[in-house]
Amino acid sequence: MPITLRQATHGDLPEMKELYVGTITTVCTNDYTPEQVAIWASSAQKAQRWIDLIDHQLVLIAQKDNNIVGFCSLDKNVYIDFMYVHKDYQHQGIAKTLLLAIEDKARNTGTSTITSDISKTARPFFERKGYKVIKEQINIRQGIEIINYKMSKDINPE
Ligand SMILES: CC(C)(COP(=O)(O)OP(=O)(O)OC[C@H]1O[C@@H](n2cnc3c(N)ncnc32)[C@H](O)[C@@H]1OP(=O)(O)O)[C@@H](O)C(=O)NCCC(=O)NCCS
């Protein structure tokens with residue numbers, strides 16, 4: 001079955017959160033310590049944050065065989081907030097499909113530069129897709145340092 005893209009609804013949130021936790025606690029463990037992974041994954045419990053995500057961002061779901069296999073979000077047409085692919089569906093071109101779609105949406109609103117805060121795990125993927133590191137960031141969450149990168153891409157090069 002091919003991958004289809006659609007907009008997320010509130011009803012997708014339980015499956016999206018399960019995917020989010022599943023991916024962070026497996027795919028990201030080469031790049032972050034168990035403590036960092038636990039703090040990161042615990043964001044799935046911030047109920048209002050997820051409701052706001054659906055209500056205020058463009059959230060695209062990649063679906064295959066009736067399962068959610070990835071999702072990404074675009075905030076205010078300029079910022080990629082989420083990009084997660086299911087742990088069992090890595091390296092199948094799902095993130096690439098989502099990214100192309102979300103960049104198109106941004107471009108169509110006149111956006112010329114997209115930014116994001118990218119994990120160590122996702123950095124090579126985004127670099128491959130033309131994003132450049134602006135700076136390394138040390139975030140303190142629950143007293144623990146978690147490193148990520150501010151990255152950006154000009155999506156409307158002259
Ligand atoms: C990063 C992530 C979204 C990539 O998803 P994916 O569906 O496996 O990526 P794709 O299969 O679409 O890969 C697209 C391209 O990126 C490359 N790529 C993907 N992951 C890569 C990696 N870890 N290192 C190097 N290249 C990578 C692929 O080789 C492919 O290249 P191509 O287009 O030239 O063939 C996924 O690994 C993930 O969910 N990571 C954990 C969650 C995360 O950290 N999200 C970001 C939060 S800021």
Side-chain angles (χ1 to χ4, degrees), residues 1-6 8 12-46 49-50 52-54 56-106 113-142 144-153 155 157:
M1 223 190 222
I3 293 166
T4 53
L5 299 187
R6 64 174 175 81
D12 293 315
L13 282 176
E15 198 176 342
M16 287 168 65
K17 291 179 193 177
E18 197 178 320
L19 183 158
Y20 175 86
V21 172
T23 296
I24 293 168
T25 56
T26 55
V27 177
C28 301
T29 52
N30 286 336
D31 303 304
Y32 294 94
T33 66
E35 197 175 28
Q36 291 169 328
V37 161
I39 291 169
W40 185 3
S42 73
S43 293
Q45 293 158 28
K46 294 180 183 164
R49 160 89 163 111
W50 289 81
D52 288 345
L53 170 67
I54 302 291
H56 301 301
Q57 297 192 31
L58 170 65
V59 186
L60 290 184
I61 296 247
Q63 192 156 320
K64 193 180 183 189
D65 311 327
N66 242 357
N67 297 315
I68 295 176
V69 293
F71 65 92
C72 72
S73 77
L74 184 68
D75 193 14
K76 299 181 177 66
N77 297 320
V78 297
Y79 177 79
I80 295 173
D81 196 359
F82 285 75
M83 171 63 86
Y84 290 83
V85 168
H86 193 290
K87 63 181 173 52
D88 299 333
Y89 290 84
Q90 297 279 312
H91 305 299
Q92 296 183 25
I94 293 168
K96 183 174 161 178
T97 303
L98 284 165
L99 189 65
L100 282 176
I102 217 110
E103 286 180 352
D104 265 355
K105 299 273 187 195
T113 305
I114 293 190
T115 62
S116 189
D117 296 297
I118 306 287
S119 67
K120 290 185 197 176
T121 313
R123 176 179 167 173
F125 162 75
F126 277 94
E127 284 181 329
R128 200 164 178 95
K129 295 296 152 207
Y131 288 73
K132 301 250 183 311
V133 173
I134 297 170
K135 61 176 175 179
E136 181 178 296
Q137 306 175 127
I138 300 173
N139 307 282
I140 311 290
R141 289 175 64 181
Q142 299 176 31
I144 301 295
E145 284 187 3
I146 301 181
I147 287 177
N148 67 5
Y149 305 94
K150 177 68 75 184
M151 297 183 77
S152 77
K153 178 182 176 181
I155 58 166

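Counting starts at 1 for both ligands and their atoms, following the listed order. Note that the coordinates shown come from a computational prediction; the quantities given were computed from them, not determined experimentally.
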Note to self: Is there a polar contact between ligand 1 and Ala95, counting only N or O atoms under 3.5 Å apart?
What the structure shows: yes
Margin query: Measuring from non-hydrogen atoms of Thr97 to any atom of ligand 1, is the shortest distance under 4.0 Å?
Written below: no
Check: Can you tell me which residue and heavy atom of the protein come closest to atom 44 (O) of ligand 1, and the distance to 0.1 Å?
Finding: Ser119 OG, 2.7 Å
Item checked: Side-chain (Glu15) to main-chain (Ile68) donor-acceptor, under 3.5 angstrom -> yes
Next item on the list: Look at the aromatic rings of Phe82 and Phe71 and report parallel, tilted or perpendicular, splitting at 30° and 60°.
Entry: tilted
Check: Tell me: protein heavy atom nearest atom 42 (C) of ligand 1, and distance?
Finding: Tyr84 CD2, 3.5 Å
Item checked: Per-atom contacts of ligand 1 with Ile118, taking only distances under 4.0 Å to non-hydrogen atoms -> 48 (S)
Checklist line | Atoms in ligand 1 with a heavy atom of Cys28 nearer than 4.0 Å | finding: 41 (C), 44 (O)
Check: Which bit of Ser116 is near ligand 1, meaning a heavy atom under 4.0 Å away: side chain, backbone, both or neither?
Finding: neither
Note to self: I'd like to check whether Gly93 has a polar contact with ligand 1, where a contact means an N/O of the residue lying under 3.5 Å from an N/O of the ligand.
What the structure shows: yes
Next item on the list: Assess Trp40 for proximity to ligand 1: is some non-hydrogen atom of it under 4.0 Å away?
Entry: yes
Item checked: Proximity flag Lys129 to ligand 1, non-hydrogen atoms under 4.0 Å -> yes
Note to self: Taking distance alone, with N or O pairs closer than 3.5 Å, would you say His91 contacts ligand 1?
What the structure shows: yes
Checklist line | Over all atoms of both residues, closest heavy-atom pair of Trp50 and Ala44 | finding: NE1-CA, 3.6 Å
Next item on the list: Pick one of side chain, backbone, both or neither for how Gln92 approaches ligand 1, counting any non-hydrogen atom pair under 4.0 Å.
Entry: backbone
Check: Is the charged tip of Lys120 near the ring of Tyr32: under 6.0 Å from the six-membered ring centre and within 45° of its axis?
Finding: yes
Notebook entry, point to check: If only atom types and distance count, is the side chain of Gln57 paired as donor or acceptor with the main-chain N or O of Asp52 below 3.5 Å?
Noted result: no
Margin query: Any nitrogen or oxygen of Val85, side chain or backbone, less than 3.5 Å from one on ligand 1?
Written below: yes
Next item on the list: Indicate yes or no: does an N/O atom of Lys96 lie under 3.5 Å from an N/O atom of ligand 1?
Entry: yes
Check: N/O to N/O below 3.5 Å, does that happen between Met83 and ligand 1?
Finding: yes
Note to self: How far is atom 16 (O) of ligand 1 from the closest protein heavy atom, and which atom is that?
What the structure shows: Phe125 CD1, 3.2 Å
Next item on the list: Select one of side chain, backbone, both or neither to describe which atoms of Asp117 lie under 4.0 Å from any atom of ligand 1, heavy atoms only.
Entry: backbone
Margin query: So if I count the atoms of ligand 1 from 1 in the order they appear, which ones are less than 4.0 Å from some heavy atom of Thr23?
Written below: 39 (O), 41 (C), 42 (C)
Checklist line | For Val69, the option from Gln92, Lys87, Gln90, Lys64 that meets side-chain contact (heavy atoms from CB on, under 4.5 Å) | finding: Lys64
